[in-house]
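These notes are about the structure you will find just below.
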2 protein chains.
Amino acid sequence: MNIIEIAKLAGVSKSTVSRYLNDGYVSEEASEKIKEVIEQTGFVPRRQAQAMRSQKTNLIGIIVPKISTETAARVIEGITNELSNAGYEVLIGNTSQSIEKEFDYLKVFKNQVDGIIFMATEITPKHYELFEQLHIPIVVVAQKVKDYPCIVHDDYHASKDAINYLIDKGHRSIGFIGVGEYDVAVGIERKKGYLDALEEQKIEAQSEYIQIGDFSHESGFNLTKHLMSLPKPPSAIFAVTDNLAIGCMEYLKENGYKIPDDVAVMGLGDIKIAAYMTPGLTTVHYHFQTMGAKSANLLMQLIQSGKESSKNYESNFIFNYRLIERDSV
Amino acid sequence: MNIIEIAKLAGVSKSTVSRYLNDGYVSEEASEKIKEVIEQTGFVPRRQAQAMRSQKTNLIGIIVPKISTETAARVIEGITNELSNAGYEVLIGNTSQSIEKEFDYLKVFKNQVDGIIFMATEITPKHYELFEQLHIPIVVVAQKVKDYPCIVHDDYHASKDAINYLIDKGHRSIGFIGVGEYDVAVGIERKKGYLDALEEQKIEAQSEYIQIGDFSHESGFNLTKHLMSLPKPPSAIFAVTDNLAIGCMEYLKENGYKIPDDVAVMGLGDIKIAAYMTPGLTTVHYHFQTMGAKSANLLMQLIQSGKESSKNYESNFIFNYRLIERDSV
DNA sequence: TTGTACGCGTTATCAT
DNA sequence: ATGATAACGCGTACAA
């Protein structure tokens, strides 16, 4: 079922049908006949053909590390809502945390979509190389990127505020559970926030209090075990993600420590589970869905501006956060 | 950058380049030149053009009620992993629980993708009408559908087993928190499981124990409040989703009831939070990700079989479940 | 207002 | 082995 068949059935030429579809000038009688035929047949113009002709795909590609992650899902929720309102459709690239797949999608989406939203963890030179080869705008979410537009949370201050909160509550020995520095936002920024907060309060950072693992749950568990086996265990533990904090709480609870009386625990991100833990996890709320919406709007704006690339985009967006006091501190 | 330019740069015709790209016979020297040019330029064939010519889009459309829902995210995770291994890309339609948007996506995807996976809640006659108009296979997930392939969990028996488990634990007065019957799987099947389990154990169902709300968290909270204000409150409560069960637990905990001593609580679905509640929520595990993977495989199989529609597909898939004993019963 | 003819990038057919 | 050409479905400049 194509536009020619519709034209035949309506007794007009395909140009007339095309005009009808695209708000062009069509006489009333032709208009009605076409309308009727289209309703009967349920005809919808093929988007691939439209894209071919117009050089606009009306498609946006999203690349995410793992779609079943709560944070990714929330970002995507924000993105898709905005985009579908604007008539865009969304192609999704789930990389399962594989950097190779990130590269693949960056290549595959290249001339298949009008723009890309890239939810990043680690940014390597190869990434920049691929960004260069893009002839469409790209917006990076969750990691700072040089020369390209990006949307991030203020990881440094969020972390710093969290530590200051712990210090305010009287803690002087604060354990830190972090992740590798390949992830700048989570691995470096949040650690720096921790270190700077201590320094400003004249508390000497102790290297044995600083534990680095991966993003897994078990990592939170095991590193807490290690912290608590120290000669002088910390009175509070800050984990750079809620997921880690939950692993941390598990260890403490299983081993009879009272939270927050024996050990206070603080996370970052405010995933849904945080509210349901016992005690409720004190953490920092991040606005992932709003962030997704913002990235979508920014991307659409870049597309409409007609630029071939979003390189050298001047301003970035740093999202605010909100400290959530619950009962684990 | 298109195939013609590559051809020019390599000093051959575009047909030769096309053959090079598609495993055709090309002389070694031509081959090498083309390879070189493609590497330099980073050329990738435009998928829209390929689709145009081949009548295959290599795209699959997924329609989900709400992407940021844990169950949906897990289903999508399963789907995308399977599909991307097979070289398909995924177009996502997030309907935000709007039935109108479901219709929209069913129309829009119609001649834009090679097949559709539809995660459904409510199936109306209008849905069937749109299914009819499809000229591509569709697989329905999470709801039974007449004449079309679908992949579901065994809601009836899952629910029944849950109730039997409660009965085994000595409960005779079991409250039920359900949802509207527009959702057949959750609203009807799970309720039937409850009723039949009681009947088989010669326990008379009491209408005041059966409370119906929506899917929200608050619903679980409020309906529990109502159940507990009954002259003779139940000794156990079964909620048809974990989300409702969690709302239920919240009410009980806030009001000083001990779980499971005063009231036992059981859910269904085994969302992540369930494991972290205190006490851990006893529930029934559903295999959402595997379900997604299965639906993807089935759809690919249908596509490869070359049928224009998946209507009258004979066999459906009913997934098993697993009872998870934790501490709320 | 309507219709004709062409082009978008690719693949398939057919000669050469 | 290679190249010219048609075809896919649609939009649009141009002619009528």
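Note on naming: letters A, B, ... go to the chains in the order of the sequence lines (proteins, then strands), and numbering restarts at 1 for each one.
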Problem set entry | Whether F215(A) and Y182(A) hold their rings parallel, tilted or perpendicular, with breakpoints at 30° and 60° | perpendicular
Exercise. In whole Å, what is the span from the CD1 atom of I4(B) to the P atom of dG3(D)?
Worked result: 14 Å
Seminar exercise, completed: By nearest-nucleotide position on DNA chain D, the 5'-leaning member of P45(A) and R19(B) is R19(B)
Problem set entry | Donor on one side chain, acceptor on other, Q48(A) and Q50(B), under 3.5 Å | no
For this session: Would you mind reading off the distance between R47(B) atom CZ and dG9(D) atom P, rounded to a whole angstrom?
Result: 19 Å
Exercise. Which class fits the ring pair Y286(A) and H153(A): parallel under 30°, tilted 30 to 60°, perpendicular over 60°?
Worked result: parallel
Exercise. Quick one: which of dC10(D), dG3(C), dT2(C) gets closest to the side chain of A30(A)?
Worked result: dT2(C)
Exercise. Does a nitrogen or oxygen in the side chain of S15(B) sit under 4.0 Å from OP1 or OP2 of dG3(D)?
Worked result: no
Problem set entry | Among dT2(D), dT11(C), dT1(C), the one nearest V26(B) by side-chain distance | dT2(D)
Exercise. So what is the end-to-end bend of the helix from dT1(C)-dA16(D) to dT16(C)-dA1(D), with 5 pairs used at each end and the value given to 10 degrees?
Worked result: 40°
For this session: Give the rounded distance in Å between these two atoms: OH of Y20(A) and P of dT1(C).
Result: 16 Å
Problem set entry | Side chain of R46(A) (C-beta onward), nearest among dG9(D), dT2(D), dT12(D) | dG9(D)
Exercise. Can you tell me how far C1' of dC8(D) sits from CD of Q112(B), to the nearest Å?
Worked result: 16 Å
Polar pairs (N or O, both sides) under 3.5 Å between protein and nucleotides 6-8 of chain C?
| from | atom 1 | to | atom 2 | distance (Å) |
| --- | --- | --- | --- | --- |
| dG7(C) | N2 | R53(A) | NH1 | 3.1 |
| dG7(C) | N3 | R53(A) | NH1 | 3.3 |

Exercise. Does NZ or CZ of K294(B) come closer than 6.0 Å to the centre of the six-membered ring of F317(B), within 45° of the ring's axis?
Worked result: yes
Exercise. Do we see a donor-acceptor contact under 3.5 Å between the side chains of T95(B) and K66(B)?
Worked result: no
For this session: Select one nucleotide: of dT4(C), dT12(D), dG3(D), the one nearest the side-chain heavy atoms of T16(B).
Result: dG3(D)
For this session: Can you tell me the distance, in whole Å, between the CG atom of N58(B) and the P atom of dT11(C)?
Result: 12 Å
Problem set entry | Length of the line joining K8(B):NZ and dA4(D):C1', which is rounded to integer Å | 15 Å
For this session: Compute whether any side-chain donor of one residue and acceptor of the other, for E122(B) and Q143(B), lie under 3.5 angstrom apart.
Result: no
For this session: Would you kindly give the CD-to-P distance between E32(B) and dA1(D), to the nearest whole Å?
Result: 16 Å
Seminar exercise, completed: To the nearest angstrom, the CD1-C1' distance between I3(B) and dA12(C) comes to 12 Å
Problem set entry | Side chains of N312(B) and Y148(B) in contact at under 4.5 Å (non-hydrogen atoms) | no
Problem set entry | Exercise: do T57(A) and D114(A) side chains pair donor with acceptor under 3.5 Å | yes
Problem set entry | CD1 on I34(B) to CD1 on I6(B), rounded to 0.5 Å | 9.5 Å
Problem set entry | Lys/Arg N to Asp/Glu carboxylate O, K33(B) vs E29(B), below 4.0 Å | no
For this session: Establish, with yes or no, whether the OP1 or OP2 oxygen of dT2(C) is under 4.0 angstrom from a side-chain nitrogen or oxygen of S27(A).
Result: yes
For this session: May I ask you to evaluate whether Q50(A) reaches the phosphate of dG9(D), defined as a side-chain N or O under 4.0 Å from OP1 or OP2?
Result: no
